[in-house]
Amino acid sequence: MRLIILTIGVLGLAACGPVPLAQAERECLQRARLAQAPHGSVSVGGNSRGQVGTSVDITVSSDFLRGRDPSAVFNACVQQKSGQFPARALYDQPGWQG
């Protein structure tokens, strides 16, 4: 029984291990974007019966509210996830439009 519990515990900790650097950089781009500005969307739709529906979705991060630099947020996130410094600065990442 102890062996089973120990095995489950070790497997649980393994899931928390570092991820490859490239994966961490991709995952941390969104966090940096949210530190730069809130993001959201608005949807409006209707049907043939004249019914109209709307939807609003706004995401504001605590990093944005605290005024943290998106580059510092990105660097800290990558280090936390991969255990390494980013290979490229935030502003040199593919997909970054700052």
Would you give me the side-chain donor-acceptor pairs under 3.5 Å for residues 41-48, sequence neighbours excluded?
| residue | atom | partner | partner atom | Å |
| --- | --- | --- | --- | --- |
| N47 | OD1 | R49 | N | 3.0 |
| N47 | OD1 | G50 | N | 3.3 |
| N47 | OD1 | Q51 | N | 3.1 |
| N47 | ND2 | Q51 | OE1 | 2.8 |

Common cluster, [X]/[Y], ILVMFWY with side-chain heavy-atom separation under 4.5 Å:
| X | Y | value |
| --- | --- | --- |
| V56 | V60 | yes |
| F64 | I58 | yes |
| Y91 | V78 | yes |

Is there side-chain contact between P86 and N75, with heavy atoms separated by less than 4.5 Å? yes

Is the closest side-chain heavy-atom distance between S71 and F74 below 4.5 Å? no

Quiz: residues 27-35 side-chain donor-acceptor pairs under 3.5 angstrom, not counting sequence neighbours:
| residue | atom | partner | partner atom | Å |
| --- | --- | --- | --- | --- |
| E27 | OE1 | K81 | NZ | 3.2 |
| E27 | OE2 | Q23 | NE2 | 2.8 |
| R31 | NE | D63 | OD2 | 3.0 |
| R31 | NH2 | D63 | OD2 | 3.4 |
| R33 | NH2 | G95 | O | 2.7 |

Restricting to side-chain contact (heavy atoms from CB on, under 4.5 Å), what partner residues turn up for A37, sequence neighbours left out? none

Would you name the heavy atoms of P18 and S82 that are closest together and state the gap between them? CB-O, 3.6 Å

Which heavy-atom pair separates L21 from Q84 by the least distance, and what is that distance? CD2-OE1, 3.9 Å

Would you list the pairs meeting disulfide bond (SG atoms under 2.5 Å apart) in which at least one residue belongs to residues 35-66, sequence neighbours left out? none

So does R88 get a backbone contact from the side chain of Q93, meaning a donor-acceptor N/O pair under 3.5 Å? yes

Taking only residues two or more places apart in sequence, or in another chain, which ones meet D57 in a side chain to side chain donor-acceptor pair (under 3.5 Å)? none

Contacts satisfying salt bridge (charged side-chain N to carboxylate O under 4.0 Å, His left out) that involve residues 36-46 (not counting sequence neighbours) are none

